[in-house]
Amino acid sequence: MTTENLSMTGAASLVDCVRHWAHKQPNDLSYCFLDKGREVDSLTFRELDQQACALAFHLNKQGALGERALLLFPQGLDYLRAFFGCLYGKVVPVTTSPPTGDRRVERFTALADDAEARFVVTSRAALTALGLSAPLPGLERLQWIFLDDIDLNARPAWQAPAIDREDLAFLQYTSGSTASPKGVMLSHGNLVANEAMMQGTFGNSRHSVFVSWLPLYHDMGLIAMVLSALYNGAPCYLMSPEDFVRRPLLWLSAISQYGGTVTAAPDFAYRLCIDRIPKKNMAEIDLGSMQTMLSGAEPIRVSTLERFVEHFQPFGLNPDAMFAGYGLAESSVYVSGEYIREGCTRSFGRAALEANEVIESDRDGLRLVSCGQVGVDSDIRIVDPNTRAELPPARVGEIWVRNPGIGQGYWRRPEQTEATFGGLLNGGSPTEPFLRTGDLGFITDGKLFVCGRIKDLVIVRGRNIYPADVSTAIEDAVDAVKSRPIAVFGVDVDTHEELVVAIALKHVDDQAAQPLIASVRGAVREALGVELGAVLLVSNQAVARTTSGKIQHLRVKEDFLSHRLALRAQWMTPTVEAVWSMGSPASERIQPASKYANPTPATSIPDRDVVVEFLIAEVARLADSRAEDISPEDGMIQKGLDSLRLMTLMESIENRFSVDLRLAELADAATVGALAEAIISKLNQGKRIALGEPASRDNALEEVVV
């Protein structure tokens, strides 16, 4: 391990990385957590090493060596204390989102069973913040370790277990479009190699400054941000996703305040900044320090990046800092990428792509951004997924990848491991398998371009239709659905597929629904020359996403065909409607989000019972529960509504009653009934907002986020 330039290229494990920096720069900041822009918790490299060691000692005393441990924390540094404590003790942490709501608790317990976990690491403060109590139903057999019971500043006389590159570091759970979550086995060697790849590409060092709001259980948040900062010996400033979504300016403010040089986010985050941060609020923001602003985790839209640069360049943003990255959980996180400069964005003929061919065309072409030079970071091939024959340049096929960051396979799933991690080229060496990504793409002029997912591809009368093309066509032409989640899928009718789109909207006016549907149909017809088989306007939370934020197109299709999709308005061809009508019986169908979902906001003060009925319907929808299981005495948080869902509830209240409600006021209302009374009280005081002008929350720095 070299020390002159503080490079970590000689590290065998993540534990080596922590110990290296704890020795070389013990008092330097490693991590700092921001709550609504304020510093509330921090760790130096010495403290990180010390506290990880103390927790590891305790875990090993409890017999956890070699076992799996679930981490149960909201966003914050306790998550990292537990994560590194597990690594030090050679305990395998299982990274996943914290459970809120009945269905999420069920998923959490199912994941515990799949991982064969024996321990849960949490704290009493974490359980309180998440509205949970230990043990969770179904997890009584697990041993619960509370950070509150451990003196993390103690210095145990303890011989730490030896860790080498091949040892399993953690299980990174991922979910595909329809499959149950799978645990990717990542070794210390995989992770160190992936960090070295990113360091070489980005040029990061201990002088870098990382800023991130991404979830710590997400591969891009944990590996591309948290662990990259550690690998480089650089400080990392963290905040919660809820803070970012509620007030995107906090992200850019942190970059400005701390001189952030590296950050990452999916495409929707850049669109949210454009839509929610007016230039007048940027007066004191300077983005001139930013060197790498990575876009990844979901399809990268050229138009989003161009709009983001145009919007924020006057405030110091260097256009050359924008970076398009491609990766997936099975490859740790990173495969390839490139700074978006001249020649990185190209326009390709749609008709040719639909025939799996690549022809550049400026006329009515599909604009794609390069995700890096092939062969720089990874061995990348484009392969016919059926014959496994490598395809020549300028042909569309499945992206196959080989690099040292690729994981060891799926936990306890040998057949799926062989199918995904054991890709053998026709005529290739059996000892050099590739990772089959399931993504479609092509190589031209030595650059990788990503088109979409094989499973998401819809074939309409012999043409390959990509969901990203459809959603882009709709957003470009229909202002009412810009930046809204759009799922695209095919429905088999007789001998062909019909193309269906489902658009998640906050509210839909009854009179505007059909003209909006007509505009959507026209936009797809004009841009792609394809007739839609159905347009579905659905509730705000109905379009499912993966943990990385990608639209789960096939999950939405399943919900539609099984009548579990909360429709607010719809149009279908007779053939699609015939297929849909053969779905679940009426007793099993999910009704529209609420009978109050679409009305014009009230001008008179409603009865309390009306408000309570509305709130129960909305809480049930957001909590994945049944209305009959919720009473006026129930609390929203106890029913599984986290900050993001509370904000969605707040928007529904504003849309229905035109009342300006603060998140803190919503959180302070202990029950559904108390919230109803607070709404009526505001209406009695005449505190309505103007129609079409939702209440601004950009100045609500002091609001409480639960």
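Heads up: numbering here begins at 1 and tracks the sequence.
- Annotation: ring-ring contact (aromatic ring centres under 6.0 Å, His included) contacts of Tyr326 (sequence neighbours excluded): none.
- By the side chain to side chain contact (heavy atoms under 4.5 Å, CB included) test, Ala229 is found to be paired with Phe210, Cys236, residues two or more places apart in sequence or in another chain being considered.
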Inset, instruction - Take Gln199 and Asn232, measure what side chain to side chain donor-acceptor pair (under 3.5 Å) needs, and give me the verdict at the end. - result: CA-CA 8 Å; Gln199 184 188 60; Asn232 289 281; 2.8 Å; yes
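- Sequence neighbours left out, the pairs with a member in residues 368-420 that pass ring pair (Phe, Tyr, Trp, His ring centres under 6.0 Å) are Tyr410-Phe421.
- Atom CD of Glu330 sits about 13.5 Å away from atom CD of Gln408, to the nearest 0.5 Å.
- Checking side-chain atoms of Asp439 against main-chain N and O of Ile399 turns up no donor-acceptor pair under 3.5 Å.
- Using modelled atom types, no side-chain atom of Arg395 and backbone atom of Phe442 make a donor-acceptor pair closer than 3.5 Å.
- Looking at residues two or more places apart in sequence or on another chain, you find no ring-ring contact (aromatic ring centres under 6.0 Å, His included) involving Phe434.
- Contact of the Phe170 side chain with the Arg68 side chain is not registered, since no non-hydrogen atoms from C-beta on lie closer than 4.5 Å.
- Applying the ring-ring contact (aromatic ring centres under 6.0 Å, His included) test to Tyr79 and every residue at least two apart in sequence or in another chain returns nothing.
- Screening residues 130-145 for side chain to side chain donor-acceptor pair (under 3.5 Å) gives Gln62-Gln143, Asp113-Arg141 as the qualifying pairs, with residues at least two apart or on separate chains.
- Separating the CE atom in Met572 from the CD atom in Glu498 is a distance of 12.0 Å, to the nearest 0.5 Å.
- Between the side chains of Thr472 and Asp469, no donor N or O sits under 3.5 Å from an acceptor N or O.
- Between Arg413 and Asp114 there is a salt bridge, since at least one side-chain N of the basic residue sits less than 4.0 Å from a carboxylate O of the acidic one.
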